[in-house]
Amino acid sequence: MPKPNPSLGHILCIEDEQDIQEIIAYNLQKNGYTVSLAADGHTGLELAQTQLPDLVLLDIMLPKLNGIQVCERLKAGNTTHKIPIIMLSARSEEADVIGGLGQGADDYITKPFSQAELLARIKVALRRQPVANNSLTIGPVCLNLDGYSCTVEQQAIKLTTTEFKLLHTLLAQPGRAFSREQLILSALGEQSDVVDRNVDVHIGAIRKSLGASAPLIETVRGIGYRCNPTFNPSDNT
Ligand code: CA
């Protein structure tokens, strides 16, 4: 299996049929794509929001949230609306596909499909939406996800990798309150070091670096932290 080529792009495949998921993942990885997988709509939506992939392959009939609902939410999301979506549909789901296209899906492919056809469709969808300028901007704060760098009102600030990941997790879902545990898990994964686990210390450091924009990160009493989606730095003055 060749190493993933970051410039090709990161594809999230949301598909509950394990054999189809495995074939797709194998072929995409073989062709150099970075691949994430989800087997239900809820998990898929969360991964799309936190990982901001370059493209989503989205099955229609899924547990928890169906593909149309996931599509609708991705296309309504501040940070996710530009991610191209290719719906994967069974032949009997044509009517649903039209619903998906109505929600902003970019293309659809009917099962069974060949891997060559899927790859061709992916290339077209990614070309239409060139692999980004991989950045996330909320209010005055802009995160460059390739370089792990951050600016506040166009001024570069220094963050450790852990701080960057925590800030990215919060900013990727503005308004969502995260418990400390959820933050660690989303930002750093289960393998994180014990020293990484003191979220309050990291948040304190992030706020210090954000300066006047520190109120962007709110404390949610009894829960943890969230990004205040309505924060406006000029309110401070
Ligand atoms: Ca399915």
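For ligands, and for the atoms within them, numbers begin at 1 and follow the listed sequence. Index from 1, following the sequence.
- Side-chain atoms of Asn27 do not come within 3.5 Å of backbone N or O of Gln115 as any donor-acceptor pair.
- Partners of Glu117 by salt bridge (charged side-chain N to carboxylate O under 4.0 Å, His left out), not counting sequence neighbours, listed by chain and number: Arg121.
- Aromatic ring centres of Tyr225 and Phe178 lie farther apart than the 6.0 Å criterion allows.
- With Gln21 contributing its side chain and Ala38 its backbone, the two residues share a donor-acceptor pair below 3.5 Å.
- The two atoms that bring Leu143 and Leu171 nearest to each other are CD1-CD2, 4.0 Å, heavy atoms only.
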Exercise. Decide yes or no on side-chain contact (heavy atoms from CB on, under 4.5 Å) for Leu65 and Leu45, but give the supporting numbers first.
Key: CA-CA 9 Å; Leu65 283 176; Leu45 183 64; 3.8 Å; yes
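- Among protein atoms, those of element N, O or S found less than 3.0 Å away from the Ca ion (ligand 1) are Asp16 OD1, Asp59 OD2, Met61 O.
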